[in-house]
S.K.: 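Below: one structure in structure tokens.
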Amino acid sequence: MASKNTVCLWFNGTALDAATFYATTFPDSAVRAVHHAPGDFPSGKQGDVLTVDFTVAGIDCIGLNGGPAFKHSEAFSFQIATDDQAETDRLWNAIVGNGGEESACGWCRDKWGLSWQITPRVLTEAVTSTDPAVARRAFEAMMTMRRIDVAAIEAAVRG
């Protein structure tokens with residue numbers, strides 16, 4: 001049964017490429033179906049890939065090849081919780097090393113313009129700590145980073 005709520009992501013002819021990358025990069029991800037246009041449409045021809053049904057880290061998505069009219073922005077991002085530095089580095093490197101770019105505080109953008117927050121669980125736990133001093137130190141450490149450094153966050157937690 002299809003999910004009642006699905007994230008629709010707009011692409012300019014590259015929905016299948018993006019979905020395939022996500023499926024091979026993130027656990028619990030897959031390309032489920034590729035649908036071809038039954039007729040010509042504003043940004044393509046009959047037979048072109050129109051939509052791709054896929055899952056990213058357990059979230060149902062549709063990639064729509066809608067053309068160049070709309071671009072992704074940081075107003076929408078996927079936040080991926082990581083368990084350690086190795087997982088953080090693997091995902092970060094996959095995105096940035098595949099034509100993406102770094103941003104601040106654990107954010108990066110893939111080559112299709114979609115934003116990702118690669119967030120170690122230790123960071124989330126630290127900045128939401130009930131101890132305001134711990135939360136402040138972790139937050140201040142994070143604000144100096146691009147890719148999150150787990151050891152630096154753990155040091156900030158210890159004070």
Side-chain angles (χ1 to χ4, degrees), residues 3 5-34 43 49-129 132 134-159:
S3 175
N5 185 9
T6 303
V7 175
C8 183
L9 300 169
W10 188 287
F11 293 92
N12 184 19
T14 58
L16 182 56
D17 292 339
T20 301
F21 173 76
Y22 304 148
T24 59
T25 302
F26 298 97
D28 195 19
S29 302
V31 174
R32 293 189 315 273
V34 178
S43 63
V49 173
L50 180 60
T51 63
V52 179
D53 296 341
F54 61 102
T55 305
V56 175
I59 297 173
D60 290 336
C61 299
I62 295 174
L64 170 65
N65 281 327
F70 300 108
K71 307 282 186 231
H72 297 290
S73 80
E74 288 80 3
F76 175 88
S77 65
F78 282 103
Q79 184 178 59
I80 305 294
T82 57
D83 292 322
D84 54 30
Q85 191 67 55
E87 184 180 19
T88 301
D89 292 348
R90 183 185 73 76
L91 296 176
W92 184 274
N93 292 336
I95 293 168
V96 173
N98 188 43
E101 62 184 88
E102 296 183 351
S103 191
C105 303
W107 289 63
C108 56
R109 187 173 22 255
D110 67 29
K111 72 178 182 180
W112 299 280
L114 192 61
S115 291
W116 298 85
Q117 298 175 60
I118 308 302
T119 309
R121 293 180 198 281
V122 68
L123 172 63
T124 302
E125 292 166 5
V127 298
T128 60
S129 173
V134 167
R136 181 185 45 73
R137 288 192 307 267
F139 182 79
E140 288 174 355
M142 175 200 68
M143 293 299 292
T144 68
M145 300 176 187
R146 288 190 170 284
R147 175 188 340 198
I148 301 301
D149 179 337
V150 170
I153 297 299
E154 291 171 338
V157 166
R158 290 188 302 274

S.K.: Salt bridge or not for E125 and R121, using N-O below 4.0 Å?
M.R.: no
S.K.: Between S115 and S77, do the side chains contain a donor N or O and an acceptor N or O under 3.5 Å apart?
M.R.: no
S.K.: Is there side-chain contact between F76 and L9, with heavy atoms separated by less than 4.5 Å?
M.R.: yes
S.K.: Between OG of S103 and CD of E101, what distance do you get to the nearest 0.5 Å?
M.R.: 7.5 Å
S.K.: Got a second to check how far S129's OG is from R137's CZ, nearest 0.5 Å?
M.R.: 8.5 Å
S.K.: Quick one: pull up CD in Q79 and CH2 in W107 and give me the separation to the nearest 0.5 Å.
M.R.: 8.0 Å
S.K.: Passes side chain to side chain contact (heavy atoms under 4.5 Å, CB included), N98 versus D110? Steps please.
M.R.: CA-CA 7 Å; N98 188 43; D110 67 29; over 6 Å; no
S.K.: According to the interplanar angle, ranging from 0 to 90°, do the rings of F11 and Y22 count as parallel (below 30°), tilted (30 to 60°) or perpendicular (above 60°)?
M.R.: tilted
S.K.: A side-chain contact here means heavy atoms from C-beta on lying under 4.5 Å apart; do V56 and W116 qualify?
M.R.: yes
S.K.: Quick check: do L91 and I80 have side-chain heavy atoms less than 4.5 Å from each other?
M.R.: yes
S.K.: To the nearest 0.5 Å, what is the distance between CD on E102 and CD1 on I95?
M.R.: 11.5 Å
S.K.: Between R90 and T25 (side chain of the first, backbone of the second, donor and acceptor by atom type, cut-off under 3.5 Å), is there such a pair?
M.R.: yes
S.K.: Do side-chain atoms of Q85 reach the backbone of V150 as a donor and acceptor pair under 3.5 angstrom?
M.R.: yes
S.K.: Would a 4.5 Å heavy-atom cut-off, applied to side chains only, mark T88 and R147 as touching?
M.R.: yes
S.K.: Between V122 and E154, is the side chain to side chain contact (heavy atoms under 4.5 Å, CB included) condition met? List the steps.
M.R.: CA-CA 7 Å; V122 68; E154 291 171 338; 3.9 Å; yes
S.K.: How about I153 and D149: do any of their side-chain heavy atoms sit closer than 4.5 Å?
M.R.: no
S.K.: Applying side chain to side chain contact (heavy atoms under 4.5 Å, CB included), run through F139 and T128 and close with a yes or a no.
M.R.: CA-CA 9 Å; F139 182 79; T128 60; over 6 Å; no
S.K.: Do W112 and W10 come within less than 4.5 Å of each other through their side chains, counting heavy atoms only?
M.R.: no
S.K.: Please evaluate residues M145 and I148 with respect to the criterion side chain to side chain contact (heavy atoms under 4.5 Å, CB included), reporting the C-alpha separation (whole Å), side-chain torsions for both, the decisive distance (0.1 Å), and the verdict.
M.R.: CA-CA 6 Å; M145 300 176 187; I148 301 301; 4.1 Å; yes
S.K.: Please check if any side-chain donor atom of R32 sits under 3.5 Å from a side-chain acceptor atom of T55, or the reverse.
M.R.: yes
S.K.: What heavy-atom pair brings S43 and G66 nearest, and what distance separates the two atoms?
M.R.: OG-C, 3.3 Å
S.K.: Looking at A126 and A138, what are the two nearest heavy atoms and their distance?
M.R.: CB-CB, 3.4 Å
S.K.: Nearest 0.5 Å, please: how far is CG in L114 from NE2 in H72?
M.R.: 5.0 Å
S.K.: Is the closest side-chain heavy-atom distance between N65 and L16 below 4.5 Å?
M.R.: no
S.K.: Which atoms form the tightest heavy-atom contact between A135 and V127, and what is the distance?
M.R.: CB-O, 3.7 Å
S.K.: Side chains of L50 and L64, heavy atoms from C-beta outward: is any pair under 4.5 Å?
M.R.: yes
